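Read the structure below first, then the notes.
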Amino acid sequence: MAFVLPTLAYSHSALAERGMCQETLDLHYGKHHQTYVTALNGFVEKDATLQGKSVEEIIQAVAGNPDKASVFNNAGQHWNHSLFWLSCSPTGGAIPGKLEKKIIEDFGAVADFKAAFKTAATTQFGSGWAWLVLSPKGKLKIVKTANADSPLANGAGKALLTCDVWEHAYYVDFRNRRPDFVSNWLDNIANYEFAAAQLG
């Protein structure tokens, strides 16, 4: 079965009042993400070893293999973006008590968590991602990855939340002001309810 774009839980205009306009969603979800899905399906169609595998299985099977870099890039971007859409919400920004307690336990304070996340997101040189993960040792950590890499591919832990810092994620709304985009995303768009549910 071919891979498809995930169904969004909100309309393309639902995040506009929170700093992500409909044009951004139309381009980012409808064009960029769709391109990765289309390319991934093309690779799977031509490679029997990939057929029948989930996107997670494909990523883990081809990670680190230079001969499969194009497959990894498109599968990775499909998976990363799918998680990003779940990490956004028109009612985002509020941190549930269970997650807040864990954040304070592992970072010291919510403000310290946000500062560390913003640092990771803004210091990721070029295109990439910032992630809140649950490490294999059960601690919350913030990691950043380049291009299509992810905690799924590199074993950093279970991804709870991600922010896309490729320019296409923010340029319509914030131009080159990535720090402003990240601050706004953390305060107004980040779906901490989803992260709390992922925490288990």
Side-chain angles (χ1 to χ4, degrees), residues 1-15 20-89 120-121 124-133 143-174 176 178 181-182 185 189-191 194-195 198:
M1 180 178 286
F3 294 105
V4 297
L5 281 177
T7 301
L8 296 182
Y10 41 84
S11 72
H12 286 205
S13 61
L15 302 176
M20 190 180 291
C21 71
Q22 180 170 344
E23 183 181 2
T24 293
L25 264 289
D26 288 344
L27 291 169
H28 194 173
Y29 171 82
K31 301 295 185 183
H32 288 279
H33 192 172
Q34 181 62 65
T35 297
Y36 300 129
V37 171
T38 301
L40 174 60
N41 285 327
F43 287 119
V44 171
E45 187 178 331
K46 296 173 184 174
D47 188 340
T49 66
L50 303 175
Q51 293 167 10
K53 286 184 166 64
S54 68
V55 67
E56 292 85 358
E57 289 169 335
I58 290 174
I59 289 167
Q60 292 173 326
V62 303
N65 181 347
D67 294 332
K68 301 286 186 180
S70 294
V71 176
F72 176 80
N73 287 336
N74 286 282
Q77 285 293 77
H78 176 38
W79 189 83
N80 293 1
H81 278 90
S82 296
L83 187 65
F84 177 62
W85 305 127
L86 292 170
S87 297
C88 298
S89 171
Q124 169 53 43
F125 183 76
S127 302
W129 304 81
W131 308 81
L132 175 65
V133 304
V143 298
K144 58 184 177 179
T145 61
N147 301 319
D149 197 10
S150 69
L152 173 69
N154 64 31
K158 180 181 181 181
L160 306 181
L161 204 68
T162 190
C163 182
D164 187 345
V165 294
W166 285 62
E167 285 186 344
H168 62 239
Y170 59 86
Y171 217 83
V172 172
D173 301 295
F174 291 90
N176 63 335
R178 186 192 289 188
F181 161 70
V182 176
W185 187 84
I189 296 176
N191 189 353
F194 172 73
Q198 293 291 100

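These figures come from a predicted structure and were not determined experimentally. Both backbone and side-chain heavy atoms feed into the values below; hydrogens, waters and symmetry mates do not.
For F72, the ring pair (Phe, Tyr, Trp, His ring centres under 6.0 Å) test picks out no residue, with sequence neighbours left out. Every side chain to side chain contact (heavy atoms under 4.5 Å, CB included) that N154 has, sequence neighbours left out, goes to T145, D149, P151, A156. Partners of E45 under the side chain to side chain contact (heavy atoms under 4.5 Å, CB included) rule, at least two apart in sequence or in another chain, do not exist in this structure. Under the side chain to side chain contact (heavy atoms under 4.5 Å, CB included) criterion, Q60 pairs with L152, not counting sequence neighbours. For H32, the ring pair (Phe, Tyr, Trp, His ring centres under 6.0 Å) criterion is met by H168, not counting sequence neighbours. The side chain to side chain donor-acceptor pair (under 3.5 Å) search around T35 returns none, not counting sequence neighbours. In this structure D47 satisfies the salt bridge (Lys or Arg N to Asp or Glu O under 4.0 Å) test together with K68, sequence neighbours excluded. Residues that satisfy the side chain to side chain contact (heavy atoms under 4.5 Å, CB included) test with S127, not counting sequence neighbours, are N147, W166. Residues passing the side chain to side chain donor-acceptor pair (under 3.5 Å) test with H33, sequence neighbours excluded: H78, W85. The ring pair (Phe, Tyr, Trp, His ring centres under 6.0 Å) check on F43 picks up nothing, with sequence neighbours excluded. Scanning for side chain to side chain donor-acceptor pair (under 3.5 Å) contacts around E56 gives S54, W79, with sequence neighbours left out.
Side-chain contact check for V37 versus Q34: some heavy-atom pair is nearer than 4.5 Å. Under the 4.5 Å side-chain criterion, counting only non-hydrogen atoms from C-beta, Y29 is in contact with L5. At least one side-chain heavy atom of Y170 sits less than 4.5 Å from a side-chain heavy atom of R178.
For H81 (side chain) and Q77 (main-chain N/O), a donor-acceptor pair under 3.5 Å exists by modelled atom type.
Within the structure, salt bridge (Lys or Arg N to Asp or Glu O under 4.0 Å) pairs that include any residue of residues 151-167 do not occur (at least two apart or interchain).
Taking every heavy atom of both residues into account, N73 and A148 meet most closely at O-CB, 3.4 Å. Closest non-hydrogen pair, I59 versus A75, comes out as CD1-O, 3.6 Å. The two residues F3 and K53 make their nearest non-hydrogen contact at CZ-O, 3.5 Å.
E23 CD: 12 or fewer foreign heavy atoms inside a 6.0 Å radius.
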